[in-house]
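Here's the structure we're looking at; comments come further down.
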Amino acid sequence: MLHMLAAAIKSVYASVFYRASKAYMTATSNIIDQEKMAVILQEVVGKAYGDHYYPNLSGVLRSINYYPIGDEKAEDGIASLALGLGKYIVDGGQTLRVSPYHPHQVLQMSEMDFALKDTQTRFYALDMKRVGTDFKVDDGFNIQTLKVKEADKDGSLHFIASTYDPYDQIIRDGLYEGGRKIISFAGALQQGVFPLPEILQMSMKYGAEAMRRPVEIEFACNINPDKTGEFYLLQVRPIVDSKQMLDEDVSAVPDEQCLLRSKNSLGHGITEDITDVVYVKYNDHFTAANNHNVADDIERINDRFLASGTNYVIIGPGRWGSSDPWLGVPVKWPHLSAARVIVEVALKNYRVDPSQGTHFFQNLTSFGVGYFTIDTNRPGEGGMLRKDILDAMPAVEETPYVRHVRFERPLRIMMDGKKQEGVVIFDEKAGE
């Protein structure tokens with residue numbers, strides 16, 4: 001264990017020399033001489049189940065909810081919950097989204113089709129057999145990806161799972177023989193077995209008061225079969241909001257002036273110095289099979305923007321930054337770091353919920369980058385995108401998967417963080 005600890009500390013210090021770390025420093029305009037670094041040793045929350053070790057509940061909590069549904073308010077906050085290690089959430093895996101002030105209002109459990117399609121099917125655990133003697137570039141070298149069935153065998157699903165009954169076509173809260181297990185956290189959220197909503201409300205309140213600004217909190221829990229449990233705060237950090245002012249009414253801008261409009265956007269302020277748009281080529285028969293190739297093209301294009309010190313708007317279907325290429329383009333933050341607006345588009349045959357609760361998007365919001373969601377299946381209320389204008393423009397560069405176009409005059413990007421509305425306005429003559 002001492003050898004493993006020494007190797008882990010070496011790997012943390014070595015990580016500053018990685019290409020991804022250098023790209024991060026360039027993107028954030030940090031000065032290396034002013035940087036300081038510490039190594040924190042933190043006990044991993046969880047329990048041993050045979051050869052693997054994990055908590056049965058991890059989460060990321062934000063005290064601002066940029067995607068309120070129903071009677072939720074932005075200030076009610078939002079949590080993303082998952083079985084197993086929290087790295088699964090950070091990597092963009094399938095999580096359960098719930099507001100601590102509305103624990104009975106879980107969109108993913110509102111319909112049986114949603115619940116079956118959107119439930120977590122895999123989770124991360126520490127591999128107790130994998131002992132490293134030298135430091136590794138991959139910080140997840142001793143992390144196993146397991147199926148939820150394994151957790152069922154471990155007996156770790158008490159009060160966090162529901163069971164689908166295929167005969168009666170219903171979902172019952174709790175564990176029952178046979179039937180597919182759905183990670184619903186029903187015991188902790190709706191049945192009062194463990195006071196999770198109340199603890200999350202307190203964590204948000206005290207965290208935001210102490211930091212004097214909205215916060216993002218990482219936490220983990222062990223919930224035991226006897227209805228006891230432990231809650232661990234792992235990390236509390238401020239959500240940094242852009243200082244830019246916005247005095248104009250975004251909703252008053254007519255559609256004719258907009259290249260795109262989102263009614264579900266993240267970010268605040270005005271940008272008026274961007275002329276470039278990079279977008280994934282798609283049509284009604286889009287397939288996610290080529291998303292790895294898309295990621296390679298975008299990394300190369302992004303490097304060129306970093307070298308020239310310019311920025312761009314990027315548009316694509318599905319979830320940016322997902323570790324699952326079938327949910328979206330599997331890019332990491334350094335590969336998009338020169339983008340100033342990132343747009344996720346839901347298509348008729350390819351609908352994926354927006355990303356949330358990941359370190360990837362913590363970076364975006366910290367650096368004042370806009371994040372827009374557009375649902376082309378709901379004209380008007382889902383926003384709009386004039387892809388026909390982009391397709392008609394000459395390409396600066398074009399690959400089989402990606403197009404890069406440039407407007408003559410800068411685009412005007414406006415984002416209202418309180419109303420979750422954003423627009424990209426173009427000069428009609430700019431693309432001629």
Side-chain angles (χ1 to χ4, degrees), residues 45-47 49 54-61 65 67-72 76-86 88-89 93-125 146-203 219-232 353 356-357:
V45 177
K47 290 182 180 174
Y49 301 93
Y54 60 92
N56 52 5
L57 193 160
S58 292
V60 175
L61 172 68
N65 178 10
Y67 307 97
I69 54 171
D71 55 353
E72 294 173 0
D76 288 342
I78 194 73
S80 292
L81 309 178
L83 162 71
L85 296 173
Y88 180 84
I89 304 171
Q94 191 69 267
T95 60
L96 190 84
R97 171 194 187 280
V98 63
S99 168
Y101 285 93
H102 305 270
H104 293 271
Q105 186 174 301
V106 182
L107 180 65
Q108 285 154 272
M109 298 300 296
S110 60
E111 293 180 24
M112 192 166 65
D113 287 349
F114 277 162
L116 291 169
K117 180 170 68 75
D118 292 344
T119 190
Q120 185 178 350
T121 56
R122 295 177 177 274
F123 69 100
Y124 287 173
L146 302 171
K147 293 183 177 177
V148 167
K149 287 178 188 172
E150 297 291 324
D152 193 16
K153 290 178 194 167
D154 292 339
S156 63
L157 294 183
H158 288 283
F159 310 122
I160 69 164
S162 300
T163 306
Y164 169 61
D165 183 338
Y167 300 106
D168 292 341
Q169 294 281 300
I170 60 169
I171 293 170
R172 304 181 198 278
D173 290 342
L175 293 174
Y176 296 93
E177 283 294 319
R180 185 179 165 197
K181 302 302 181 282
I182 291 168
I183 305 301
S184 64
F185 302 102
L189 293 175
Q190 289 101 27
Q191 296 167 356
V193 170
F194 186 79
L196 184 65
E198 293 80 3
I199 295 173
L200 295 182
Q201 290 172 24
M202 287 171 58
S203 301
F219 62 91
C221 304
N222 291 322
I223 300 178
N224 307 315
D226 62 357
K227 300 188 180 181
T228 62
E230 305 91 36
F231 178 92
Y232 296 83
D353 287 339
Q356 54 190 319

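Computed from a predicted model, the values in this text were never measured in an experiment. Values reported hereafter were calculated over all heavy atoms of this structure, with side chains retained and with hydrogens, waters and symmetry mates removed.
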Quiz item: About how many Å separate CD1 of Ile160 and OG of Ser184, when rounded to the nearest 0.5 Å?
Solution: 8.5 Å

Self-check item: Gap between atom CZ of Arg180 and atom NZ of Lys149 - 0.5 Å precision
Solution: 9.5 Å

Quiz item: Leu200 pairs by side-chain contact (heavy atoms from CB on, under 4.5 Å) with which of Ser99, Pro195, Pro100?
Solution: Pro100

Quiz prompt | Matching residue for Leu81 among Ile89, Leu61, Leu196 - test: side-chain contact (heavy atoms from CB on, under 4.5 Å) | solution = Leu196

Quiz item: Given the rule in the side chain to side chain contact (heavy atoms under 4.5 Å, CB included) test, do Phe194 and Lys227 qualify, once you have shown the distances and angles that lead to the verdict?
Solution: CA-CA 7 Å; Phe194 186 79; Lys227 300 188 180 181; over 6 Å; no

Do you know which two heavy atoms are closest between [X] and [Y], and how far apart they sit?
X	Y	result
Pro103	Val98	CA-CG2, 3.8 Å
Ile182	Ile171	CD1-CD1, 3.6 Å
Leu157	Ala151	CD2-CB, 3.8 Å
Ala161	Leu175	CB-CD2, 3.9 Å
Leu83	Phe185	N-CZ, 3.7 Å
Asn222	Pro55	OD1-CA, 3.6 Å

Does either side chain, that of [X] or that of [Y], offer a donor lying less than 3.5 Å from an acceptor on the other one?
X	Y	value
His158	Asn224	no
Thr228	Asp226	yes
Gln94	Tyr88	no
Ser162	Asp173	yes

Self-check item: Lys47 atom NZ, neighbour heavy-atom count above 12 within 6.0 Å
Solution: yes

Quiz item: Is it true that atom CE of Met202 has more than 12 heavy atoms of other residues, nucleotides or ligands lying nearer than 6.0 Å?
Solution: no

Say whether, by atom type as modelled, one donor and one acceptor occur between the side chain of [X] and the main chain of [Y] under 3.5 angstrom.
X	Y	value
Gln120	Ile183	no
Lys181	Gly179	yes
Thr163	Tyr176	yes

Quiz item: Are the ring centres of Phe219 and Tyr232 closer than 6.0 Å?
Solution: no

Self-check item: Salt bridge present between Glu150 and Lys147 (N-O < 4.0 angstrom)
Solution: no

Self-check item: Which residues share a ring pair (Phe, Tyr, Trp, His ring centres under 6.0 Å) with Tyr54, sequence neighbours left out
Solution: Tyr49, Phe123

